[in-house]
Amino acid sequence: MFKELWNDAAGGFHPASAPDYLPEQALREVQLRRLRAVVEHAYKNVALFRSRMEERGLTPESVQSLADIAKLPFTVKADLRDTYPSGLFAVPMSDVVRLHASSGTTGKPIVVSYTREDIQVWSEVMARALACYGLHRGDIIQNAFGYGLFTGGLGVHYGAETLGATVVPISGGNTDRQLMVIRDFGVSALCCTPSYFAHMLERAEELGVDLPASPLRVGVFGAEPWSDAMRRHIEEAAGIRAYDIYGLSEIVGPGVASECTEQHGLHLFEDHFYPEIIDPESGEPLPDGEEGELVITTLSKRAMPMIRYRTRDITSIIPERCACGRTLRRMRRIERRSDDMFIIRGVNVFPSQVEAALLAVEGTLPHYQIILTRDHGLDQMAVEVEVTAEVFSDKVRALEEVRARLAQSIERIIGIRVMLRLVEPRTIERSQGKAKRVIDRRHD
Amino acid sequence: MKLQQLSLFLENRPGQLGAPLEAIAAEDINILTLSLADTAQFGILRLIVREWEQAKQIFEQGGWVVKQTEVVAVDVLDRPGGLAGALAVLEAAELNIEYMYAFSLRRDDKAILIFRFEDPDRAIEVLLEHGLHVVEAEELMRHVG
């Protein structure tokens, strides 16, 4: 009854959003209680975490305040890979109701698990994210995130259902059909990657689909970094408001943080995901306002608790209270990562993978640079490699073979077609002796 | 019997050819002949110069990637069928030609063919057996210089 009264177009809010407005003191109390519980749970059930705690002479009792979190060991992506597939699970498989896997690019993916309660929490935070954009019961949400092992599709789906909205589970691809559904179903919100939406905009123009005249008013974009310039372009071209959503499968999937209608930073759903900003070099915690690496502790996850997970995303906490009234702290939009990882066509790529591919062919690592561009909404990846005396030949065919071998070696590892260009020595710009590895021109 | 050829890697964009040529011109090194092989993306400049060791050093110091390879020069009469005759000999002997280029000498009514063979020593044998004239380095310098 109340749910229906609150959650409508008149501007009320969904009960799930209540924690967004907790007074700060109450929020900190919830966080500490949950932090102590999750540390105890992980200590009891995850061998890797327990041994790291023991190495430091720590027990769950060592956590008496939120500040004590800084004593705890970090968890990194390699831990998930090293314990593949289920070494970090903290519950028996019979309690796991769902498995997802990340878009890992080298060999094995990263597997994440959820109990029934975990799915409920995920649905709730995702519903709160959608409510942040002003969506509610009665909205028709077209979910063009991929359904499957990727967390994007199902995460948004459950959140939209929890919110009470109508979900169109169209998944990714088939742009013409996406546009037909937007128009024919009266879709009011669309969720997908920003690059896919840019592609959709171009197709809409070709087909003469007038998006600004459609009921579409909200775009929810995530799973890859995008700029404010791109936001302005999207908003203007489609006649919508475009919002950022943040998440990563290691933590839960989408719904870790989201923008609100203020479009100034992303609210962290910190009653479930405790954020820290650290110096990526020293690992020391940094105060709010300072830029560093985002580290997240899952406060309520049961199947796969993550203690101090290093996201490698570089951001800062915005200390001021948001004008929207939420008490949840905000982080600035992610524009870069501490490890230079980039996302292209939904695939996570590390420069180190490209290095490994080049090394496999050349024997020694040549100077190289990755250049990302966007052509008609589609991301393109070029790799420039400086020619060395070892690979150079006076025969065109031999050089073409080197080029093809390098390209194939990269493609085999990351699974994406690359354009490989051989360039003259010393043409790749170096700063302090080190070449800048990734040039991202996708948002120029 | 073999000539030293220098090859340079160049990116295929305007202005790339001038710099290495200027670098050796500044040291008074004269080019006997050259050829440029190119693809859409890169080019390979092949040069024959008298002072090839000095030129190689200049290129290396200038930051270019240089490769030194042995090529074979044959002279034929500069008239129709001159090249075809030499090629027929090589073909009959099943000698693999990686690439070739040619230039003519105004003075002597001769054309010089430069061959890059997979096996230059065997190629020289075959050429000599068939009465073709393999041009020595010194002789080429005289022809051109």
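Residue numbers begin at 1 in each chain, while the letters A, B, ... track the order of the sequences.
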Q | Segment of B:Glu60 engaging chain A (4.5 angstrom heavy-atom cut-off) | A | neither

Q: Check each atom of B:Glu11 against the heavy atoms of chain A and say whether the ones under 4.5 Å are side chain, backbone, both or neither.
A: both

(Q) Under 4.0 Å between a side-chain nitrogen and a carboxylate oxygen: does that hold for A:Arg333 and A:Asp244? (A) yes

**Q.** Under 4.5 Å from any heavy atom of chain A - which part of B:Leu10
**A.** both

(Q) Strictly below 4.0 Å, N to O, side chains only: are A:Asp394 and B:Arg46 in salt-bridge contact? (A) no

Q: For the pair A:Asp379 and A:Arg374, find out whether any cationic side-chain nitrogen is under 4.0 Å from an anionic carboxylate oxygen.
A: yes

**Q.** chain A contact via B:Phe9 - which portion, at a heavy-atom distance below 4.5 Å
**A.** both

**Q.** Lys/Arg-Asp/Glu bridge criterion (N-O < 4.0 Å) met for B:Asp109, B:Arg79
**A.** no

